[in-house]
There are 2 protein chains.
Amino acid sequence: MTIQSKMQAKNASPRILGAARAIAHREGAGKITIDAVAREADLSKGGVLYNFPTKRALLAGLLDEMLAEHRERLASVPEDRRSRTLRGHLEAIVQARAVDDDLSMAILAAAASDPRLLDPLRAELTGDLERILSDTQDTPGAMVVVLAIQGLRFQKLLGLPDGGADLRGRVIEQLRAMINELE
Amino acid sequence: MTIQSKMQAKNASPRILGAARAIAHREGAGKITIDAVAREADLSKGGVLYNFPTKRALLAGLLDEMLAEHRERLASVPEDRRSRTLRGHLEAIVQARAVDDDLSMAILAAAASDPRLLDPLRAELTGDLERILSDTQDTPGAMVVVLAIQGLRFQKLLGLPDGGADLRGRVIEQLRAMINELE
DNA sequence: ATAAAATTGCCGAATGGACGGTGAATAATG
DNA sequence: CATTATTCACCGTCCATTCGGCAATTTTAT
């Protein structure tokens with residue numbers, strides 16, 4: 001109980017989402033439970049459920065937040081360069097923080113029982129993909145890069161073998177080169 | 001209840017695994033529960049747990065089975081060609097049956113709470129990757145193909161946008177070409 | 001301005017269902 | 001008979017969701 005013991009915060013949602021992230025990072029993707037989130041956010045279970053009427057809504061909120069951050073990162077790529085979106089995607093995973101991995105796993109796990117949870121992600125990626133493909137004549141070439149980037153994501157997410165940090169670096173260089181060679 | 005009403009099969013494990021697959025395919029990844037599997041396999045819950053002492057073991061069994069099939073597919077690639085393993089991986093997803101997607105999702109979901117469940121997969125892929133990389137001088141080039149293939153897997157698994165069947169086909173052609181150009 | 005009324009944000013106990021797992025008894029097998 | 005395979009009846013836990021109530025805040029009425 002902090003300073004705001006009796007003070008009513010206008011919006012506890014960000015605190016709740018932050019708490020969920022913290023739990024995912026500290027205890028793993030499977031530990032995101034309403035109780036746990038409530039404790040972490042210094043809130044009651046009812047309080048959490050007031051802001052997110054269902055657990056699904058909470059997960060959806062997390063995904064939303066991640067997508068927003070994703071958009072920000074894309075926006076931070078210099079305007080003038082070709083293949084902006086594609087570059088953004090690549091740089092995003094280069095800089096990706098480890099925190100998001102457990103979070104992604106949590107969302108993935110939930111999506112197993114409820115595939116439509118990923119709809120916002122699909123929508124976002126559909127837009128990105130359109131932009132990427134319309135940026136070049138060599139659509140298959142661009143698509144290969146997109147797929148490789150996605151591969152990198154899941155490789156990291158699931159801890160699949162990557163051939164060592166050394167190779168990983170060279171692969172990223174290679175992908176950068178491939179992007180530059182797109183027409 | 002089929003012909004084998006009162007006949008005791010020597011080994012119910014395959015039937016159980018098959019039941020799990022059926023459920024995953026018919027009702028989704030989230031519906032694989034011990035009770036459900038028992039019903040589907042026409043067995044009691046205890047019977048299932050006799051063969052797989054824990055749910056984790058059941059999932060591990062499913063993963064095992066999938067990896068075995070994976071190895072078979074790899075083995076069916078003509079001996080003489082270069083980059084055998086890599087070609088195998090590519091052809092595997094070209095022919096992949098939809099059944100396995102829900103199954104993979106189920107395993108993925110479980111891995112969220114228990115990452116070590118994926119250890120056998122990691123081991124398998126580590127071996128494959130070694131073989132792939134030692135087949136060529138252009139390790140980054142090969143790795144890009146590996147990643148793209150992995151990207152294809154997850155794209156399909158999660159129903160992410162793929163730019164249409166048309167592009168998909170051309171991408172696969174492109175990947176085949178890239179493999180051929182590896183030295 | 002101020003009392004009354006309504007709304008907002010939250011609490012926390014209770015509910016109920018789903019699910020993994022156990023163990024003793026029983027049937028089949030060789 | 002001994003071992004193996006399976007049933008049946010429970011148990012306990014976890015966990016999302018419900019719900020009635022309460023204090024602070026805002027709105028409405030007087």
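Within every chain, numbering begins at 1; the chains are lettered A, B, ... in the order of the sequence lines, protein sequences first and strands thereafter. Model, not experiment: these values are computed from the prediction.
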Would you list the protein and nucleotides 11-15 of chain D atom pairs, both N or O, that sit under 3.5 Å from each other?
none

Within the pair B/N51 and D/dA5, is there a side-chain N or O less than 4.0 Å away from OP1 or OP2?
no

Interatomic distance where CD1 belongs to A/I32 and P belongs to D/dA16 [whole Å]:
10 Å

So, OP1 or OP2 of D/dT6: does either fall under 4.0 Å of a side-chain N or O from B/Y50?
no

To the nearest Å, give me how far apart CG (A/L58) and P (D/dT17) are.
10 Å

Check the pair B/H25 / B/D100 against side-chain hydrogen bond (donor to acceptor under 3.5 Å, both in side chains), numbers first and verdict last.
CA-CA 8 Å; B/H25 186 50; B/D100 295 332; over 6 Å; no

B/R56 has an atom CZ; how far is it from atom C1' of C/dG21, in whole Å?
16 Å

Count the heavy atoms belonging to other residues, nucleotides or ligands that lie under 6.0 Å from CZ of A/R26, then report whether that count exceeds 12.
yes

Apply side-chain hydrogen bond (donor to acceptor under 3.5 Å, both in side chains) to the pair B/N11 and B/S13, showing each step before the final yes or no.
CA-CA 5 Å; B/N11 191 1; B/S13 297; 3.0 Å; yes

Give the ring-plane orientation class for B/F154 versus A/F154, where under 30° counts as parallel, over 60° as perpendicular and anything between as tilted.
parallel

I'd like to know if B/R168 pairs up with B/E173 as an ion pair, taking the criterion as any Lys NZ or Arg NE/NH1/NH2 lying under 4.0 Å from an Asp or Glu carboxylate oxygen.
no

Would you call B/K156-B/D101 a salt bridge at under 4.0 Å N-O?
yes

Within this structure, what is the CD1-to-C1' distance between A/I16 and C/dC11, rounded to whole angstrom?
13 Å

Between A/T54 and D/dT17, does any side-chain N or O lie under 4.0 Å from OP1 or OP2?
yes

Write down the distance between CZ (A/F52) and P (C/dC10), rounded to a whole number of angstrom.
11 Å

To the nearest angstrom, the CG-C1' distance between B/L43 and D/dA5 comes to 9 Å

What is the distance, to the nearest angstrom, from the CG atom on A/N11 to the C1' atom on D/dT25?
16 Å

